[in-house]
Each structure stands twice: as structure tokens, then as C-alpha cells.
Amino acid sequence: PEGSYVLTLVAAATDIVDSAGNPFSADVSDIWEMDTTQPTVTVEQAAEQDDPTNSLPVVFDVLFSEVVAGFAAEDVSWSGSTAGGIVHETHGTDGTHFTIEVTAVATDGTLVPTIPADSAHDAAGNGNLVSTFTDGTVTLDRAAPDAPTGLDLAAADDTGSATDDNTTSQTTALTLSGLAEAESTVRLYDGAAEIASGTTAEFAAGIDVALTGEGDHTISATCEDAAT
């Protein structure tokens, strides 16, 4: 079993002598440790890391269960990622805590670093187990979302000669709807002034706005996705 072991050679109980015939004059002891436990390691997105994000670097925290040696940047695998062309660095100071810093990515997607088994070893030579994570994925999305489409005034609020001529006698509770990228924030403008905002789902169902004054109003919509 694991633990500390002491081997003692008792002088009085041995017949060992040197070449001159002199016997041992004192006990001799040696202590050693038996360690067969493989280190565990977790890889999590850093506490301050945005997810999703539209910028680099992307940082992950690595924690080994004990001090290890031999862990380096080339030990990190990205095989579970959808992003491509990933360039990264590793940094560490105390043998248990490391960071993985992604500095360049060719194509956006998910970043999922893993550390294969036996990438690092403890003092007894035990290789680590494959890494695990609770929240070890970050989505990199640097592409601006497409502009919302299908912006329209609800037929029930279109009081003109036709229900699709965007003419109304109402100034409040006007419902505008359209389509936008999933999980985004849509902002509605009357000219340069923001008049309402909502989620993609709310925009699809219809967002109520109020307009001030008669005449033509130029209504537009913009979209911001979840990447920050």
C-alpha cells in the first residue's frame, strides 16, 4: 500500500563485517515513499473569461492535484474544438497551477482544450489522468450578425387604406416585428433615436413602440449577438 516506509539494518542483529573484519557499529536506516496515485487535472475557462467572446486572448485555468513536471504547450489537445488554426501558450509557476492562453485562431468556433493522459508526471513518476472539466468550453465569435430582416408593422396597427402600407393613426402600442440571429439583442430606431429593444424571440413575436409626431418615421433595426 501507499505511504512512508522505513528500512532499518540493525547492527546487533547482523553478521556483516567489512574487509578488516569490523562489524557494524550502529544501525542504518533508509526512508522511502510508496506513491502509485496518478495526478488528476481540470481545465476550466478562466474566472474573468467572457463566453461567448469576440476577442482574443481566450484564457483557461489548469489545475493539477499535485505538483507535476513536464507539462508544456504541446501537451494541450484541441481535438474536441470546432474552431480551427488554434495557437496557444501555457504558463505556470508552482507546478500545480497553469494557464492556457489562446493567442490566435484562424476560424471561429468552440475552444475546448484537453490534456491527454501522461502529459505530466509527479515526483514518483506517475502520469496524469486525462483532464476533466465542468465549464471548459469557450465560443469565439468574431463575425458581426446579419442585419435583422422582415421589419414590419403589425396588420392590426396598420390603419391606412391597406394593412400593409405602413400607415397608421396610432402613436402608441405599435407592434413591430421581424427576424434576427438567434440569442441576439435587437434595437429599434426612429431615425437616430432608439425607441425599443428586445431579444430575438421578442422581436419575432412583436415589440411595442411609441412614435412622437405626425409625418414619416424612418424605422430601422440593428442586431447585437451574445459575443462580447
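- Between Gln49 and Val58, the closest side-chain pair of non-hydrogen atoms falls below 4.5 Å.
- At distances below 3.5 Å, not a single donor-acceptor pair connects side-chain atoms of Asn54 with backbone N or O atoms of Asp141.
- Atom-to-atom distance recorded for Thr171:OG1 and Asp157:CG is 11.0 Å, nearest 0.5 angstrom.
- Here the straight-line distance linking atom OG1 of Thr114 with atom CG of Asp75 works out to 11.0 Å at 0.5 Å rounding.
- Of the candidates Pro116, Ser119, Pro113, Ser77 forms a side chain to side chain contact (heavy atoms under 4.5 Å, CB included) with just one, namely Pro116.
- In this structure the side chain of His88 never reaches within 4.5 angstrom of the side chain of Phe60, judged on heavy atoms.
- No donor-acceptor pair under 3.5 Å is formed between the side chain of Asp135 and the backbone N or O of Gln45.
- Side-chain atoms of Glu44 never come within 3.5 Å of backbone atoms of Phe133 as a donor-acceptor pair (strictly under, hydrogens ignored).
- The local environment of CG in Asp94 is crowded, with over 12 non-hydrogen atoms from other residues, nucleotides or ligands closer than 6.0 Å.
- Counting non-hydrogen atoms of neighbouring residues, nucleotides and ligands closer than 6.0 angstrom, the CD atom of Glu183 reaches no more than 12 such neighbours.
- Under a 3.5 Å cut-off, the side chain of Thr82 and the backbone N or O of Gly109 do not form any donor-acceptor pair.
- Judged purely by atom type and a 3.5 angstrom limit, Thr139 has no side-chain atom pairing as donor or acceptor with the backbone of Pro52.
- Taking 4.5 Å as the limit, every side-chain heavy atom of Asp61 sits out of range of all side-chain heavy atoms of His97.
- The backbone N or O of Ala120 lies less than 3.5 Å from a partner atom in the side chain of Asn128, making a donor-acceptor pair.
- Between Phe71 and Phe64, the ring center distance clears the sub-6.0 Å criterion.
- In this structure, the side chain of Thr200 engages the main chain of Ser184 through a donor-acceptor pair within 3.5 Å.
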